[in-house]
Amino acid sequence: MIRGRVKGQIWSSKHVDKLPKGGYLEVEVESGENIIAYDPLGCAVGEAVLLTQGSVAAGYFTEFKAPIDSLIIGSIDEKE
Amino acid sequence: MIRGRVKGQIWSSKHVDKLPKGGYLEVEVESGENIIAYDPLGCAVGEAVLLTQGSVAAGYFTEFKAPIDSLIIGSIDEKE
Amino acid sequence: MIRGRVKGQIWSSKHVDKLPKGGYLEVEVESGENIIAYDPLGCAVGEAVLLTQGSVAAGYFTEFKAPIDSLIIGSIDEKE
Amino acid sequence: MIRGRVKGQIWSSKHVDKLPKGGYLEVEVESGENIIAYDPLGCAVGEAVLLTQGSVAAGYFTEFKAPIDSLIIGSIDEKE
Amino acid sequence: MIRGRVKGQIWSSKHVDKLPKGGYLEVEVESGENIIAYDPLGCAVGEAVLLTQGSVAAGYFTEFKAPIDSLIIGSIDEKE
């Protein structure tokens, strides 16, 4: 997995039918690259998150075959 | 997923039999790299799109095993 | 596989239900990038480890479909 | 998919049994990196080609499980 | 696939149970990165090899699910 920080949400009015409903967050990873990940946890902007990628991300959806290759699987605990 | 912007279409007269019919768009992603993605949505040049990659992209095709590793799954809403 | 060196552990109090229990280690790989990998071996900070990635990592979990795309599969023997 | 240009052919006298017979072409992609891809189309040196990668490439082989992670799926039409 | 050159062997005394027995070679690829690959062919240091990666590499092992994401599938013939 890789760590990233939530930058914001994106919306897509025009999309394929199989796209799961829910939040799609733009996440900046350590390399500076931005990943758009499905968020099943309701993460906030600025939150540090753990991302899983590839077919492993799609495997999270068990009722149908979702075209999702990036998934937030957790929020990383940070020292306050 | 990653975001990209449609640059144009490509054509391939000589191809493997299993290639799905439809549009193949050249999409520039944030790193500056170009990805050729299958487009089930009819996107236009200049449109911001959401790309899924790997076996997840191929999983979109359910009637046969398509050799497609990049798929446009949505158009990203942009402020006007 | 790629080699890496364990930098520390991360914790995630808020996570998806399917996350396997156990240690999640931050591992620095040769490119300087950090990977968060599931550790079934109990590796220590500073240890040189062998990482496998992608759906192969998830395949390690046979009882349920784990959203894990990075797995430590061994500790690399180093000359002392 | 990514686009590339054929640089030449490679040969491997010593190989695993499961390697499909046919042409293995060295293809330079836009990043400057070279990929060795299986070529079911008989492409020539200098030809612009479309490459698919990962398990999607292996899925092209239906009679046996081929250890192929890069496949030429088409020749890209170029203006003359 | 990508080409690489064998640099040496690595050993792992402490490893997961499912690790296949055999040689694990450190291979330098064209980008300068090092990959640790399973070697079913008995390649020597300095030999030019062809690497396959991802779940395709794991698919080589048919008797059990091996956590192997990099596999040497051939030795590349070089002019002498």
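Convention: sequence-line order gives letters A, B, ...; per-chain numbering from 1. Fair warning: this is a prediction, and the values are worked out from it, not measured in the lab.
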Validation: residues 30-37 of chain A side-chain donor-acceptor distances under 3.5 Å, sequence neighbours left out:
unit_1	atom_1	unit_2	atom_2	d
A/E30	OE1	C/N34	ND2	3.1
A/S31	OG	A/E33	N	3.4
A/N34	OD1	A/K7	NZ	3.2
A/N34	ND2	B/E30	OE1	3.1

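Using non-hydrogen atoms only and a strict 4.5 Å limit, the part of residues 10-25 of chain C facing chain A consists of C/I10, C/W11, C/S12, C/S13, C/K14, C/H15, C/V16, C/K18, C/L19, C/Y24. Contacts between residues 39-52 of chain C and chain A, counted as heavy-atom pairs separated by less than 4.5 Å, involve no residue at all.
For residues 48-69 of chain C, every residue pair satisfying the ring-ring contact (aromatic ring centres under 6.0 Å, His included) rule, not counting sequence neighbours, is listed here: C/Y38-C/F61.
Judged by distance alone, the side chain of C/S55 and the main-chain N or O of A/V56 form no donor-acceptor pair under 3.5 Å.
In this structure, chain A has no heavy atom under 4.5 Å from any part of C/A57. When heavy atoms are compared at a cutoff of 4.5 Å, C/I68 approaches chain A by way of both its backbone and its side chain. Heavy atoms of C/E26 lying under 4.5 Å from chain A belong exclusively to its side chain.
Counting heavy-atom pairs closer than 4.5 Å to chain C, the top residue among A/V29, A/I2, A/I73 is A/I73.
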